[in-house]
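Structure first, commentary second.
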Amino acid sequence: MYQPPDYYETDALLTDEHKLIRNSVREWVTRYVKPVIEEYAQQHKPLPLEMMRQMGELGALGPFIPEEYGGPGLDHMAYGLIMTELERGDSAVRSSASVQSSLVMYPIYTFGNETQRKKYLPKLASGEWIGAFGLTEPDHGSDPGSMKTRFEDKGDYYLLNGSKMWITNAPLCDVAVVWAKDENGKVRGLLVERGMEGFTTPETYHKWSLRASATGELVFDNVKVPKENLLPNVKGLKGPLMCLNSARYGIAWGALGAAMECYDTALRYVLERKQFGRPVASFQLQQKKLAEMLTEITKAQLLVWRLGVLKNEGKATPAQISMAKRNNVEMALKVARESRQMLGAMGITGDFPIMRHMMNLESVITYEGTHDIHLLITGMDITGIQAFHE
Ligand code: TGC
Ligand code: FAD
């Protein structure tokens, strides 16, 4: 089986259960994702729904959700390891699992009532249902607090109007966790199901990134949402932001998988490829690239491992998570760019995974908070002064 770089022997820090789940996801990615992913990406076609069901069987959807709600009840280290393996295949696979786990199952589990948990979580854990998370709007991305999507209390139901944009799995979703303001301007979470009148999910085409992922809009035109679909246990922007903490944590781990795959591909290539009568790997400039890539991958591995320990102890702060998401995604993008160069012209083809990872990572560095927003979160944590707005 594929052995990723582990220069500082971080494997020794994992339990047998961690290794078992990590290895089973690794094997699934190798057998079922890697052989087909390039074609889906080239054709700009979302991955088959069957893959969601397979991920459900693996325990990759809502890994931290307790067994009584259909999840495998694993810890956060296991969640991170799963994300690394999935993103080694493609960011689109990891994205689907991230959204389902952290942005849909997490809020239903954390902010929902028992009826909502029992109704939705088992179907989401098995991959029978697909979830989406609607926070971003056409005019409100980094600043979700200014959202325009609103609902009014009409006695028997809530009347929802507005729209969300850039939503992963919108065109495929059975249920969407939608963040909207009530009549008092308070952000609340609503569970909007496919089939509700006035709810549509047009797809966004012509992406050069995450081409194997379905991205789209959530449009609400006088949608009557049953009152029992309001998430009762959270009010305010902290609701969606708490979900983002969980998803950003997973992305910090996930980006590592993309970086490892690019590094590994470049290493194999330069050991075989000869120019000037010698392996390309024998040139100092190429060795510098490999040495620097491995150094950065190793640092990123240690960062998420420590973050995983803190998360398991309930001590990982949002700012620590921001730092890891920002660092690891930028690291992965740099590794992808360097690796691509090492393959010369072959690096731009779909015969190798590097260009696909590189293009995917342009989304990953933007979603779940842009690179600059995470820097400002760190700046705010250091100084105690927010630099976002007046
Ligand atoms: P601010 O006034 O700072 O905070 C409002 C309230 O929220 C609390 N809070 C948090 N709570 C939990 N976790 C966090 N990370 C939190 N950050 C803030 C805060 O204490 C406050 O609580 P309270 O009780 O006082 O009301 O909010 P702000 O309006 O100044 O905005 C802050 C900012 C810019 C950091 C935040 O809004 C932000 O993170 N913006 C980036 C938006 C973003 O990340 N969007 C992601 C959309 S989802 C997505 O991209 C999915 S991609 C999926 C995939 O395919 O993988
Ligand atoms: P803007 O907020 O308009 O930012 C534009 C630029 O301005 C950025 O460089 C930003 O860093 C910078 N900027 C903004 N504010 C400041 C500031 N105060 N100081 C300095 N610089 C600033 N959203 C969801 O809700 N659910 C999803 O499932 C989802 N999936 C996505 C999938 C894909 C493929 C993509 C690309 C996006 C997805 N998003 C999703 C949306 C994503 O979260 C937003 O794109 C992101 O938060 C940035 O918002 P924006 O694109 O509107 O950029």
Side-chain angles (χ1 to χ4, degrees), residues 46 83 86-87 90-104 106-107 110 130-147 149 163-173 176-180 185-187 189 201 203-204 206-218 234-255 316-323 325-326 329 359-381 384-390:
M83 295 295 123
L86 295 179
E87 196 142 3
D90 194 84
S91 304
V93 186
R94 198 269 308 135
S95 255
S96 280
S98 282
V99 170
Q100 190 96 341
S101 305
S102 287
L103 299 182
V104 181
Y106 169 84
T110 312
I130 310 291
F133 175 87
L135 181 64
T136 305
E137 300 187 351
D139 294 329
H140 306 282
S142 299
D143 178 20
S146 303
M147 68 173 70
T149 301
S163 65
K164 301 287 174 180
M165 200 179 176
W166 298 114
I167 307 304
T168 297
N169 280 346
L172 309 172
C173 74
V177 173
V178 176
W179 299 95
K186 271 274 168 211
V187 173
T201 59
E203 185 159 355
T204 303
H206 307 306
K207 293 177 297 168
W208 284 116
S209 178
L210 281 178
R211 286 168 62 85
S213 168
T215 312
E217 294 168 56
L218 303 172
V234 75
K235 274 188 195 165
L237 195 58
K238 69 170 186 273
L241 291 176
M242 282 169 69
C243 305
L244 296 184
N245 294 336
S246 178
R248 291 166 176 172
Y249 167 82
I251 290 173
W253 280 89
T317 66
Q320 285 170 332
I321 293 169
S322 279
M323 183 183 279
K325 190 266 183 184
R326 182 175 187 276
V329 177
M359 295 196 300
N360 284 343
L361 288 162
E362 290 293 341
S363 285
V364 183
I365 205 165
T366 293
Y367 67 34
E368 297 279 1
T370 67
H371 200 55
D372 287 340
I373 289 294
H374 287 295
L375 185 88
L376 293 178
I377 291 172
T378 307
M380 181 169 66
D381 202 43
I385 306 166
Q386 66 81 15
F388 300 107
H389 43 69
E390 292 301 304

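Bear in mind the structure is a predicted one, so any value in this text is a computation, not a measurement. Because only heavy atoms are used, hydrogens play no part in the values below, and waters and symmetry mates are left out as well, while side chains stay in. Read the numbers this way: they start at 1 and go in the same order the structure lists the ligands and their atoms.
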Can you report which non-hydrogen protein atom sits closest to atom 53 (O) of ligand 2, along with the distance?
Ser142 OG, 4.2 Å
Do Ser142 and Phe388 have side chains that get closer than 4.5 Å, going by heavy atoms?
no
Nearest-contact summary for atom 26 (N) of ligand 2 - protein heavy atom, Å
Phe133 O, 2.9 Å
Can you give me the closest heavy-atom contact between Arg248 and His374, atom names plus distance?
NE-CE1, 3.3 Å
So the atoms of ligand 2 within less than 4.0 Å of a heavy atom of Leu210 turn out to be 34 (C)
I want to know if ligand 2 touches Leu135 in the polar sense, i.e. an N/O pair below 3.5 angstrom.
yes
Report yes if Lys207 has an N/O atom closer than 3.5 Å to an N/O atom of ligand 2; otherwise report no.
no
Near Tyr367 (heavy-atom distance under 4.0 Å), the atoms of ligand 2 are 31 (C), 32 (C), 33 (C), 35 (C), 37 (C), 38 (C), 42 (C), 43 (O)
Among protein heavy atoms, which sits nearest to atom 45 (O) of ligand 2, and what does the distance come to when rounded to 0.1 Å?
Thr366 CG2, 3.9 Å
Restricting to side chain to side chain donor-acceptor pair (under 3.5 Å), what partner residues turn up for Lys238, sequence neighbours left out?
none
Any nitrogen or oxygen of His140, side chain or backbone, less than 3.5 Å from one on ligand 2?
no
Close side-chain approach of Leu103 to Val177, heavy-atom, < 4.5 Å:
no
Closer than 3.5 angstrom, by distance alone: can the side chain of Ser246 be matched with the main-chain N or O of Met242 as a donor-acceptor pair?
no
Suppose we measure from atom 49 (O) of ligand 2 to each protein heavy atom; which comes out shortest, and what is that distance?
Gly141 CA, 3.3 Å
Identify all pairs of nitrogen or oxygen atoms, one from ligand 1 and one from the protein, separated by less than 3.5 Å, and list them with distances.
from     : atom 1 : to     : atom 2 : distance (Å)
ligand 1 : 13 (N) : Asn245 : ND2    : 2.9
ligand 1 : 15 (N) : Asn245 : OD1    : 2.8
ligand 1 : 30 (O) : His389 : NE2    : 2.8
ligand 1 : 39 (O) : Arg248 : NH2    : 2.9
ligand 1 : 40 (N) : Ser142 : O      : 2.9
ligand 1 : 44 (O) : Arg248 : NH2    : 2.7
ligand 1 : 44 (O) : Gly369 : N      : 2.9
ligand 1 : 50 (O) : Glu368 : N      : 2.8
ligand 1 : 55 (O) : Ser95  : OG     : 2.7
ligand 1 : 55 (O) : Thr168 : OG1    : 2.8
ligand 1 : 56 (O) : Arg94  : NH1    : 3.3
ligand 1 : 56 (O) : Ser95  : OG     : 3.3
ligand 1 : 56 (O) : Tyr367 : OH     : 3.4

Heavy atoms, side chains only, cut-off 4.5 Å: are Pro318 and Ile377 in contact?
no
For atom 23 (N) of ligand 2, what's the nearest protein heavy atom and its distance?
Thr136 OG1, 2.7 Å
Could you tell me which residues satisfy salt bridge (Lys or Arg N to Asp or Glu O under 4.0 Å) with Glu203, sequence neighbours excluded, listed by chain and number?
none
In terms of residue, atom name and distance, what is the protein heavy atom nearest to atom 21 (N) of ligand 2?
Asp372 CB, 4.4 Å
With heavy-atom distances below 4.5 Å as the criterion, would you say the side chains of Leu361 and Glu87 are in contact?
yes
Can you check whether Ser363 has an N/O within less than 3.5 Å of an N/O in ligand 2?
no
Where is the nearest protein heavy atom to atom 20 (C) of ligand 2: which residue, which atom, and how far?
Leu376 CD1, 3.9 Å
Which pairs count as salt bridge (Lys or Arg N to Asp or Glu O under 4.0 Å) when at least one residue sits in residues 130-140, sequence neighbours excluded?
Glu137-Lys164
For atom 29 (C) of ligand 2, what's the nearest protein heavy atom and its distance?
Trp166 O, 2.6 Å
Check each atom of ligand 2 against the heavy atoms of Thr370 and keep those under 4.0 Å away; list them by number with element.
10 (C), 11 (O), 48 (C)
Donor-acceptor pair, distance only, cut-off 3.5 Å: does the side chain of Gln386 make one with the backbone of His389?
yes
